[in-house]
Each structure stands twice: as C-alpha cells, then as structure tokens.
Amino acid sequence: MSQKDIVACNVMISVLGKNGFVEDARGLFDSMVEKDSYSWNSMVSCYFKMGDVESARFLFDRNPVKNEVSWNVLIDGYSKLGYLSNADNFRDFVSLYNEMRWSGVCPSESVLSLIVQCCAGFCATGLGKALHCEIFKWNFGYDVVLQTGLLDFYAKVGDLSSAKRVYDEMPCKDVVANNAMISALSKNGLIKEAQSLFESMTEKNSATWNSMITCYSKMGDIHTARFIFDSSPSKDVVSWNAMIDGYCKAGQLYYAEELFNNIGYMRNSVTWNTMITGFVQCKEFQRALHLFDNMQAERVKPTEVTMVSLLSACAHLGALDMGEWIHSYIKKNKLKIDVILGNALIDMYCKCGKISSALDVFHKLQVKNIYCWNSIIMGLAMHGYGNEAINYFHNMIKEGVHPDGVNFVGLLCACSHSGLISEGKMYFSQMQSVYGVEPGIEHYGCMVDLLGRSGQLLEALELINSMPFKANAVVWGSLLRSCHIHKDTKLGEQVTQRLLELDQHDGGNYVFLSNLYASLGRWKDVDKCRKLLIESGVRKEPGLSSVEVDNVVHEFVAGDSSHPQFSQINAFLVDIGKKLKDAGYEADTGSVLHDIDDEDKEGSVSYHSERIAVAFGLMSIPLGKEIRVVKNLRTCDDCHTVMKLISRIYNREIIMRDRNRFHHFKDGICSCKDYW
DNA sequence: CACTCAGACT
C-alpha cells in the first residue's frame, strides 16, 4: 500500500463515517493492510459520532500508533456524548489522562480545557490545582478559553482569590471571561464588584445580562433582577428561566407562573424543572406533581433534575405510591441515579415509611456522600431503629466519611427516639473531643429532648442553663413538652413564661400549657389560657393529615366538609366510634371538652384530622394493603390510643408519620412502644 | 449564563 492509497482510504473512512455508514467505514478500515494513526483516529471518530462509546474505546485501546490527535479524539468524543458528566466516568477519565501523560503525550489546550471544566463540575479541587501548576509550567501562552476554564474552576470550588488572580493575569479578556468573573463575584455575594464590571464591559452578550439577573435574584433583590430582565436587549430562554427561578426563590409564585405561561415557544425542559422546583421550594407539593402531569401531556422529556424535585414533593407529602411510580419511571427510562437522585430516592422512601426500599437504594449507590448517610441515619431514627442508626454511623466513620453537624442531629435524635439515654450522652460528649464537630444549639436541643422525655427534667434544665447559647423557643418548647409528658406543672409554668418572653406570637405555646393544665383538671387555668390566646390574636397552625389513594393525595382538616365523599366518611367515623366503644374504649372527654386546639372546635362529629384520613383510608384502600397517613403536627395521646385499637379491630396495618417520627400500628400495638 | 439533595422544637 502506498502512502497515497492510505491517505485515500483515510479520507474515505472519514466521509463514510460522517454520512452514517459506519459499517462500511469499518469494512474499509479492516481491509487496509497498512494503517497510520490517521486511519485509527478517523475510525474512532466515526464510532463516537454514532454514539458507540464501547467500540470507540475498544479501537482506541488497540491503536499501536497513538498520537496527540488520538487522545484528543477520545476525550472530545467522551465529552460530546455527555459522558464526563458522570462521576464514575470522570474517575476513569482521570486515569486515562494520567496514562496519556505517562506515555509522554502533551495534552492540547482543548483537552486541558475539558478536564478543567470537569474539575469544576465535580469540585475536584486537588486535580484542578495540580493542572493549573502544570499549565503554568508549560507556559501555554494564555489561551483565553483555558484560562477562563481555570477561572470558572476556582469560582466553583469557592476559591475566589485564585479566581481573581487568574482573571487579572489574563492579557486579553473576552466576553466569556468577563461573564465568568461576574458569575464568580455574584456567587460570593460581591454584588457591587459584579455590577461595576458589568457596567465597564463594552461587549455584552445574553449570558452577561443573564448573569446579572441571577446575581440580583440570589441577593434577594428581585426588583433589580426584573429591571435587568426588562432592559436586556437579547432575551433567550436562559433569561426567562433565570427570572422564573428568581421569583420562585423570592416566594412570588404568581409572577413566576405569569412568566412561565408567557414564555411561549422557547420553553424547554429547564423551564419546566424550574417551575416544578419552585413549587416544591414554596411547599406547594401537590401543584408540583400536577405541573408534572402537564409536562408529560406536552411531551417534554423529564430529566434527572425533574425527578429529584418530584421525589422531594413525594417525600413531603408521604406519597409512597407516586414515589414508587417515579422510581420505576427512572429505571424504565434509564435515567442516571447519581448521588443527588439517589439521595432523593433514599429520602423519599424514608419519609414515606418504606425503610427497606431506602436501604436497598442506599446499598446500591456506588458513590455515597454525607447527605446519603445523613438521610439514612435520620430515616432509621424516625422509625425508632436507634441501634441500627448507631451502627450506620459507625459504618460511615469506617468508610472514612467525616461527620458533620447534621449527622449528629440524626444520631442524637435516634438515641432520643429509642430512649438510648446513656448512648446519647456519650455521643454528645464525644462530638467535639473525638469527632471534632462543634455542638450547636440544635444539638443541645436534642439533648434537652432526650433528657426531658426520659423524665430527667432537672438535668435538662441544668443543661439549658449551662449551654453557651441563649436558649431559643425550640429548646424551651422541647422542655415544655417533657413537662407535659411527666405532668410537672410547676416547671411547665416557668418554662411557658420563658417561652412567652421569647415569642408572644406562637399560639402553640398557649395550647401546650393549656393541655398541661387540662391533663391535671385545672380548668380555670385552661380558660385563662384560652383567653390569652384569643387576646393575643395568634393562631396555631391547623392540623392537616393526608392519605394517598390511587396516586392521589387526599388532605383532611378537622371540620372541613369540602371532600366529595364527606358524608360517607362521617358515617364511617360514627361506625368506627361504635366499634371502639364495644372494644371498651372511652374517650378522654375531659381533655377534649376543654382543649382549645383548633382541631376540636367543630360540632358533634369532630375528630382530629388523622382520624378522618384513616377512616377514608379504611373505606378506600383494599384489605391487606397498609394505610399510610401523614400529619403535619404531632399526634395526641387520644388519637394514638385510637389508632392502636383500629389496627386491631379492623385488622389493618396503619403507618402514620407525624411531625416527629413514624408510628407503625399493628395488632393493637405501636412500633414506638408508646415512647414518643 | 438557567433548574436538584439532609436536620432539633412547635
């Protein structure tokens, strides 16, 4: 084969590949007696164009005459297929890069830019810095793209001073470099500097304007953000998305929706994600799920980000069926379960009461971060599996993950829920000395809860007085609840006094004190509390319970007759009442009569919301399937007793999540062993 | 240049 023949074949391979005839190209390639690096590279390039990563890599590995271009084609091919946005692939890719350096090939600027971009994406601080040193050593003549990549890398890993240094050393700064700098400044809250850079720029593109929109909305200045949006001469879809996100973050859903509805043909999947996420952030979980229906109706392809937001909505709602549907959707559509999506799944399963599935996802995740560990430990804690939570904590330490503050909240919470008093005390004392985590007020809060609930009220009070923080309403509230459980009115009154000094507008405090008096039959004091509550004009958060039936979440508030099956539910509640009576149950009428809880204000047939939800569940959910109820407040003693009885009388498993933890009612007993 | 995950008490 002459050199001329080889060149002709190479060109032919390239042409065939470009037109999609990859088989023919391969045939020609295989038939060549002699091949040069050009032949190999063209063939690899063909496979990448067809999206066939495996074949491309297979050929690359067997290429005996690798040159600089070979590496370029490989790396470029990977990146164009979005292959490098996956952390596992990135690790593989880094070892590939090292191999290339070992074989003495000098990377090109474009390859280096790609790697630096990846380092920014994965916050691979060490590698990024090492690359910067090498680039400096080789003296790459200040390629503007590469330098901007470095600037972006430092901005993303939070090293603003290095970002600034890179920027200042750039001999010529194009609009992209300036944009990166604006973004870096705004991420660090240096809005003034970003603003003056913006004003000094002679050339601006849409990205420049968009950066400023994000900059102002991140600072909470939504009006200026809107002003920039309106002033921008080149609005693209990113401008609209950034503005919608700004309104969502500011809690102004009305304006966000207005833009969302008016964006027109430009609307893309990110627009949908932004709006769905916005609903979730504003706690409009049902609307988030509903918007997803519209997204599907318009045949917009959901992404991993969509799934994360939807799962978060399911977690809050306790919508297990919907959550499981999303999980199977993810599998069916081969979406990538990375740490973020994986953690969203774990969190959803934990909060929907299916800890076994949460553990399943957890163990299948190859890469786990501190979020995943925190979710699973907190999940175990909420279900009362204190010892398992402690085991997972130790496994985490063994795997070399450093604990953080959130981690200890979960751990101490686990001890508290399971009554593991000495363990809780031990971990609390080890936080600083063994694990180097400074205890915050939230950890003291956990300890006050742990001590108080176990009846060590004075120790709890001592801890409050000795802690290096000013006690907040949460800490006092926790102690007050313990006073209620252990019927210590004297301390309860003192604590309430402190609470009212701190926050006169929290109606919950009056309710608590009132319940404390009611449990002791001090009705005069109960009346006094009620007057105080009315005079102060505050309202307590209304109790709200939900139950999921056929992928639809039904919400119930006491006394709300808006549900279409209201009368049937009411009749069923009366029937439940009769059956309970037959079983020997007697309502705690004293406390019910005098309770000033909002939920009890209605007439003859009034029940706490969780009872209505369970009644509806009993009516609508087929036998054999458990009833899952979510309540926004803590359940009361009376309802807890009723749930236990219902589980026995109707032979049903009831899984209820309240504000604090899970209760699994089965055969007349609860998983919390009445310690909650 | 835009969109994603966790926590004490009520």
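Each chain gets a letter, A, B and so on, in the order the sequences are listed, and its residues count up from 1.
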Q. Phosphate oxygens OP1/OP2 of dC9(B): is one of them under 4.0 Å from a side-chain N or O of Asn660(A)?
A. yes
Q | Nearest-Å distance for atom pair OH/P, residues Tyr392(A) and dG7(B) | A | 19 Å
Q: For Tyr444(A), enumerate each residue passing the side chain to side chain donor-acceptor pair (under 3.5 Å) test, keeping only those at least two apart in sequence or located in another chain.
A: none
Q) Once you round it to whole Å, what is the distance between C1' of dC9(B) and NE2 of His417(A)? A) 11 Å
Q. Looking across every strand, which nucleic acid part, if any, lies under 4.0 Å from Ser183(A) by heavy atom: base, sugar-phosphate, or nothing?
A. nothing
Q: Between dT4(B), dC9(B), dG7(B), spot the one nearest the side chain of Val305(A), thanks.
A: dT4(B)
Q) Hey, is the side chain of Lys351(A) poking within less than 4.0 Å of OP1 or OP2 on dG7(B), counting only N and O atoms? A) yes
Q: Can you figure out which of dC1(B), dT4(B), dA6(B) approaches the side chain of His316(A) most closely?
A: dA6(B)
Q. Touch check for Asp245(A), heavy atoms < 4.0 angstrom, all strands: base, sugar-phosphate only, or nothing?
A. sugar-phosphate
Q) Can a cation-pi geometry be assigned to Arg267(A) and Trp240(A), taking NZ or CZ under 6.0 Å from the six-membered ring centre and within 45° of the ring axis? A) no
Q) Among dG7(B), dC9(B), dC3(B), which is the nearest nucleotide to the side chain of Asp449(A)? A) dC9(B)
Q. What are the two closest heavy atoms between Ser609(A) and Val557(A), and how far apart are they?
A. CB-CA, 4.2 Å
Q: Could you work out which one of dA2(B), dC9(B), dA8(B) sits closest to the side chain of Met378(A)?
A: dA8(B)
Q. For the side chain of Asp152(A), counting heavy atoms from C-beta on, which of dC3(B), dC1(B), dC9(B) is nearest?
A. dC1(B)
**Q.** Rounded interatomic separation in angstrom, taking NZ from Lys156(A) and P from dT4(B)
**A.** 14 Å
Q.
Once you apply a heavy-atom cut-off of 4.0 Å, does Lys204(A) come out as touching a base, just sugar-phosphate, or nothing?
A. nothing
Q) Which of the following nucleotides, dC5(B), dC1(B), dA2(B), is nearest to the side chain of Ala207(A)? A) dC1(B)
(Q) Which nucleotide wins on minimum distance to the side chain of Glu442(A), given the candidates dC3(B), dC5(B), dA8(B)? (A) dA8(B)
Q: Would you check if there is a donor-acceptor pair between the side chains of Asn369(A) and Asn343(A) at a distance under 3.5 Å?
A: no
Q) Atom CG of Leu345(A) to atom C1' of dA6(B): distance rounded to whole Å? A) 14 Å
Q: Would you name the heavy atoms of Cys413(A) and Ala381(A) that are closest together and state the gap between them?
A: C-CB, 4.2 Å
Q) Once you round it to whole Å, what is the distance between P of dC9(B) and CZ of Arg634(A)? A) 6 Å
Q: Round to the nearest Å and state the distance from Ile370(A) atom CD1 to dC5(B) atom P.
A: 18 Å
Q) From dA6(B), dT4(B), dC9(B), pick the nucleotide closest to the side chain of Val308(A)? A) dT4(B)
Q. Which nucleotide, dC3(B), dC5(B), dA8(B), lies nearest any side-chain atom of Thr274(A)?
A. dC3(B)
Q | Minimum-distance nucleotide (side-chain atoms of Lys249(A) versus dC3(B), dA2(B), dC1(B)) | A | dC3(B)
Q) Between Gln281(A) and dC3(B), does any side-chain N or O lie under 4.0 Å from OP1 or OP2? A) no
Q: Let me know the distance between CG of Leu450(A) and P of dC9(B), rounded to the nearest Å.
A: 11 Å
Q) Starting at NZ of Lys187(A) and ending at P of dC3(B), how long is that distance when rounded to a whole Å? A) 8 Å
Q | Non-neighbouring partners of Arg661(A) that pass salt bridge (charged side-chain N to carboxylate O under 4.0 Å, His left out), sequence neighbours left out | A | none
